[in-house]
Number of protein chains: 2
Amino acid sequence: MNGEQQLEKARERVIDAISKNMNLYGVTESIGRLYGALYFQESPLTLDEMKEELGMSKTSMSTSVRNLVDLKMVGKVWKKGVRKDLYQAEPDWYQTFADFFTIKWRTGVTINMTAMEKSLYELQMLLDDENVNHMVKAEAKLDIEKLTSAIDYYKWLNRLVDSFETGEIFQYIPKSTK
Amino acid sequence: MNGEQQLEKARERVIDAISKNMNLYGVTESIGRLYGALYFQESPLTLDEMKEELGMSKTSMSTSVRNLVDLKMVGKVWKKGVRKDLYQAEPDWYQTFADFFTIKWRTGVTINMTAMEKSLYELQMLLDDENVNHMVKAEAKLDIEKLTSAIDYYKWLNRLVDSFETGEIFQYIPKSTK
DNA sequence: AACTTTGTACAGAAAAAACTGTACGTAGCG
DNA sequence: CGCTACGTACAGTTTTTTCTGTACAAAGTT
């Protein structure tokens, strides 16, 4: 095995690990591989180059890269005189991590808070309604308690996300230094 | 709509949100629904009761609940005189959250650290090999830098996970109080 | 203005995953 | 020890997701 092949193999192993890892959080392995490929590039790639690199269709590259951009894991780059769109991987993994979970968690918190507050309100109404059976009310009461503490948790999660977003988290858990 | 229906509707909305939320992190919607159903139960359920509750096969309940147990979101409960396995949802979401991401992140860190350290070693070897082209060595050098800083990041992530596992995180981001 | 090039929408094909039913091993009970 | 009840492995089916190729709109070039 010559040097170039060894280099390729070393990269391939890491790309594999990266894509498996991303897969744990609901990102397709293909998208993970694309990110990995971009990560090892010295300069930004065009869609056609990605297509070449991964042996997939251009359409797939287009949708995959858009996915990565939405996750802020990859950014579009402008280069003078180049007509094609260029993309490169965000090199700072601390940033990538923070963005990724900020995006995901905020989405989740929003979905759940909205639903829970609405349901909480309805359950309160139920308690105030004289026509409702007291067995049902007892259940509603339990649910209200559960939802209330769940909402507390989501408030906490929102604060955690804030600390990711602002970088405050690094005051508590300092970045590793070489 | 009577009280019972209203109660059901309020729960259903929340279960829906929960399952969508879990889905963001690579958990099936069905598994999410199961967790949601368990969350609102007052007492633990058997596989047959879950099957009834969700209108799915017992086999699915078995695999789904095992999934939730692996994630520590649901626990098996023992009850005197009852032969069937009983399961109930972990009620403390702070705990659930910490466990969930501890499990996921540790897995990810391990996968990546192993691969990266191995590749890092190989790349170092490459640099020390006289027969290797200097262009290839230049690339290897860049890769080594990338991997080194990626590994630093994973060390940090490990410390973050530690803080989740020990509960230290709550010193920095205190739990919300009612 | 005509001609290229580039990126993406969309429909259909291919691949992956979730789900079910049967069959079976194991454990409790009489 | 035989019988029943329970949970799960496994194979096959259904559903969902991913991927591709074609077609087209938008922007750039001559």
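The shown structure was predicted, so the numbers you read here are calculated from the model rather than taken from an experiment. Reminder, nothing fancy here: chain letters follow the sequence lines and each chain counts from 1.
Relative ring orientation between Tyr94(A) and Tyr153(B) is described as perpendicular, the plane-to-plane angle rising above 60° on a 0-90° scale split at 30° and 60°. Note on ring orientation: taking the six-membered ring where Trp is involved, the planes of Phe164(B) and Phe97(B) are tilted (angle from 30° to 60°).
You'll find the side chain of Phe40(B) stays beyond 4.5 Å of the side chain of Glu42(B), heavy atoms only.
The shortest distance between the side-chain N/O atoms of Ser30(A) and the OP1/OP2 oxygens of dC19(D) is below 4.0 Å. Taking 4.0 angstrom as the limit, Thr28(A) places a side-chain polar atom (N or O) nearer than this to OP1 or OP2 of dT18(D). The side chain of Ser60(A) places an N or O atom within less than 4.0 Å of a non-bridging phosphate oxygen (OP1 or OP2) of dT20(D). Phosphate contact (OP1/OP2 of dG7(D), side-chain N/O of Lys58(B), threshold under 4.0 Å): present.
Taking the nucleotide of DNA chain C with the nearest heavy atom to each of Lys84(A) and Gly55(B), the more 5' of the two is matched to Lys84(A). If Gly81(A) and Gly26(A) are placed on DNA chain D by their nearest nucleotide, the residue sitting closer to the 5' end is Gly26(A). Toward the 5′ end of DNA chain C lies the nearest nucleotide of Arg66(A), the other residue of the pair Asn23(A) and Arg66(A) mapping further downstream.
A straight line from CE of Met61(B) to P of dG7(D) spans 13 Å, rounded to a whole angstrom. Note: CG (Leu45(A)) to C1' (dT6(C)) measures 16 Å, nearest angstrom. If you measure from atom CD of Glu52(B) to atom P of dC6(D), you get 14 Å, rounded to the nearest angstrom. Counting to the nearest Å, the P atom of dA27(C) and the CG atom of Asp85(B) are 12 Å from each other. Residue Met56(A) contributes atom CE, which lies 13 Å from atom C1' of dT17(D) at whole-angstrom precision. Rounded to whole Å, the distance from CE on Met50(A) to C1' on dT6(C) is 13 Å. Rounded to a whole Å, the NZ atom of Lys80(B) is 16 Å from the P atom of dG28(C). At whole-Å resolution of the value, CG in Asn67(B) and P in dT8(D) are 12 Å apart.
Side-chain rings of Tyr25(A) and Tyr25(B) stay apart, their centers remaining 6.0 Å or farther from each other.
Residue side chain Thr59(B) reaches the base of dG21(C) through a donor-acceptor N/O pair under 3.5 Å, judged by distance alone. Looking at Arg83(A), its side chain has no donor and acceptor atom pair within 3.5 Å of the base of dT6(C).
At a threshold of 4.0 angstrom between heavy atoms, the contacts of Thr63(A) with the nucleic acid are absent. Counting any heavy atom pair closer than 4.0 Å across all strands shown, Thr46(A) reaches no nucleic acid atom.
Residues Asp152(A) and Lys175(B) are not paired through a salt bridge, judged by the lack of any N-O separation under 4.0 Å between the basic side chain and the carboxylate. A salt bridge is absent between Arg66(A) and Asp70(A): the closest approach of a Lys/Arg side-chain nitrogen to an acidic carboxylate oxygen does not fall below 4.0 angstrom.
The Ser62(A) side chain lies nearest to dT8(C) when the options are dC19(D), dT8(D), dT8(C). The side chain of Leu47(A) sits closest to dG7(C) out of dG21(D), dG7(C), dT20(C).
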